[in-house]
Protein chains: 2
Amino acid sequence: MTSAQKTASSKRAAVIKALAHPSRLLIAEALMEGEMCVCDLKDLVGADMSTVSKHLSMMRQAGVLVSDKRGLNIYYRLACDCLGDFLRCLDQLAPKKATTKPCC
Amino acid sequence: MTSAQKTASSKRAAVIKALAHPSRLLIAEALMEGEMCVCDLKDLVGADMSTVSKHLSMMRQAGVLVSDKRGLNIYYRLACDCLGDFLRCLDQLAPKKATTKPCC
DNA sequence: TGGTTATTTGGCTAAATAACCAAATACTTG
DNA sequence: CAAGTATTTGGTTATTTAGCCAAATAACCA
């Protein structure tokens with residue numbers, strides 16, 4: 001493995017890591033419906049606002065989310081529509097409802 | 001959030017977590033080409049075989065990989081073809097080569 | 001300006017993770 | 001059966017991560 005390959009893998013792994021936590025995944029799923037502000041997401045996740053804020057800035061850093069300030073609130077949304085496909089693939093591996101045939 | 005939703009999110013997050021490490025992602029990418037045994041993957045990753053083995057069993061546990069023993073070797077392969085789409089989406093967020101427009 | 005609300009940042013602690021080494025297990029072959 | 005090879009498991013340590021609280025920052029309004 002070349003060092004360039006290693007770097008590419010690390011960057012891509014960082015994007016995945018940004019979704020690899022129950023609260024962060026829940027946030028990503030919620031944002032598929034449209035943008036939300038931090039306080040809405042705090043209610044959704046049920047953690048301290050500072051905790052949620054750290055999750056969000058980590059996801060933004062990874063390129064998964066973008067944010068946009070309007071008045072007192074900061075609204076977050078998904079950076080990419082393709083995340084929908086991403087999550088649909090996920091459901092083939094870890095279905096929400098049990099199936100006899102878990103995957104393709 | 002109901003507890004059922006929390007559980008579903010955790011399961012899905014576990015699948016993502018199984019790919020959220022540079023070595024594990026590299027393994028998943030390599031297995032897109034076809035199955036490999038542990039010692040091949042150890043050479044690819046460049047870590048101790050026990051480390052690679054632990055990564056692999058974690059990925060299998062999450063449902064990302066399946067394994068199959070033939071003779072002395074244990075061959076691993078991806079559990080699902082859809083991982084290709086998964087990784088392509090990833091490249092829109094974290095491209096291998098820099099682009100002026102990082103995402104959709 | 002001073003108060004109020006939304007969000008982020010810094011600091012700390014507890015828990016989870018990744019790595020290595022050594023030992024155990026499983027299979028094959030002489 | 002003994003020796004050799006491939007893989008896993010157990011144990012330990014260092015690092016990273018997640019969470020909370022308290023304090024700082026930013027924007028709005030009276």
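Each chain gets a letter, A, B and so on, in the order the sequences are listed, and its residues count up from 1.
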Between dA24(C) (P) and M49(B) (CE): distance, integer Å: 19 Å
Judged by nearest nucleotide, the residue sitting upstream toward the 5' end of DNA chain D, A47(A) or R70(A), is A47(A)
Looking at dC20(D), dT7(D), dA19(C), which one has an atom nearest to any side-chain atom of N73(B)? dT7(D)
Using a heavy-atom cut-off of under 4.0 Å over every strand shown, decide if Y75(A) touches base, sugar-phosphate, or nothing. nothing
Kindly say if S53(A) contacts the phosphate of dT8(C), meaning a side-chain N or O under 4.0 Å from OP1 or OP2. yes
To the nearest angstrom, the CG-P distance between D68(A) and dA27(D) comes to 13 Å
What's S57(A) touching, base or sugar-phosphate or nothing? Going by heavy atoms closer than 4.0 Å. nothing
Distance in Å, M59(A) CE paired with L25(A) CG, rounded so as to fall on 0.5 Å steps: 8.0 Å
Regarding the side chain of L72(A), the nearest nucleotide among dT8(D), dC28(D), dA18(D) is dC28(D)
Can you list the steps and then say if N73(A) with V38(A) is a side chain to side chain contact (heavy atoms under 4.5 Å, CB included)? CA-CA 7 Å; N73(A) 299 296; V38(A) 184; over 6 Å; no
For atom CD of Q61(B) and atom P of dT17(C), their distance in whole Å: 12 Å
To the nearest 0.5 Å, tell me how far C37(A) SG sits from L56(A) CG. 10.0 Å
Checking all strands, does I74(B) fall into the base, sugar-phosphate, or nothing category for heavy-atom contacts under 4.0 angstrom? sugar-phosphate
Would you jot down, in residue-number order, the residues of residues 30-42 of chain A having a non-hydrogen atom under 4.0 Å from DNA chain D? none
Let me check something: do L83(B) and V66(B) share a hydrophobic cluster, defined by ILVMFWY side-chain heavy atoms less than 4.5 Å apart, either directly or through other members? no
Hey, does K69(B) reach any base, or is it just sugar-phosphate, or nothing, if we go heavy atoms under 4.0 Å? sugar-phosphate
Euclidean distance, atom CE of residue M59(A) to atom C1' of dT8(C) [Å, nearest integer]: 17 Å
Any salt bridge between E35(B) and R70(B), counting N to O under 4.0 Å? yes
Starting at NE2 of H21(B) and ending at P of dT15(D), how long is that distance when rounded to a whole Å? 15 Å
Please list every stem that involves DNA chain D, where a stem is a run of 3 or more consecutive Watson-Crick or G-U wobble pairs with both pairing distances under 3.5 Å. C:1-30 with D:1-30
Quick one: is H55(B) getting a side-chain N or O under 4.0 Å of the dT17(C) phosphate, OP1 or OP2? no
Value in whole Å for how far the P atom of dT8(C) lies from CG of L65(A): 11 Å
Can you tell me if T51(B) touches the phosphate of dC20(C), counting only side-chain N or O atoms and a distance under 4.0 Å to OP1 or OP2? yes
How about D68(B) and I74(B): do any of their side-chain heavy atoms sit closer than 4.5 Å? no
So what does R24(A) hit on the nucleic acid, given a heavy-atom distance under 4.0 Å: a base, only sugar-phosphate, or nothing? sugar-phosphate
Dump the intermediate steps for side chain to side chain contact (heavy atoms under 4.5 Å, CB included) on L65(B) and R77(B), then the final yes or no. CA-CA 6 Å; L65(B) 303 183; R77(B) 59 179 191 282; over 6 Å; no
Heavy atoms from C-beta onward define the side chain here; which of dA19(C), dT7(D), dG11(C) lies closest to that of K54(A)? dG11(C)
May I ask you to decide if A18(B)'s main-chain N or O and R24(B)'s side chain share a donor-acceptor pair within less than 3.5 Å? yes
Here the distance between atom P of dT9(D) and atom CE of M58(B), to the nearest Å, is 15 Å
Here the gap from S50(B) atom OG to H55(B) atom NE2, rounded to the nearest 0.5 Å, amounts to 9.5 Å
Salt bridge K42(A)-D48(A), side-chain N to carboxylate O under 4.0 Å: no
Would you indicate, yes or no, if dT8(C) has its OP1 or OP2 atom less than 4.0 angstrom from a side-chain nitrogen or oxygen of Y76(A)? yes
Mind listing the closest non-hydrogen atom pair of V45(B) and S23(B) along with its distance? CG1-OG, 3.6 Å
Euclidean distance, atom CG of residue D48(B) to atom C1' of dT12(D) [Å, nearest integer]: 14 Å
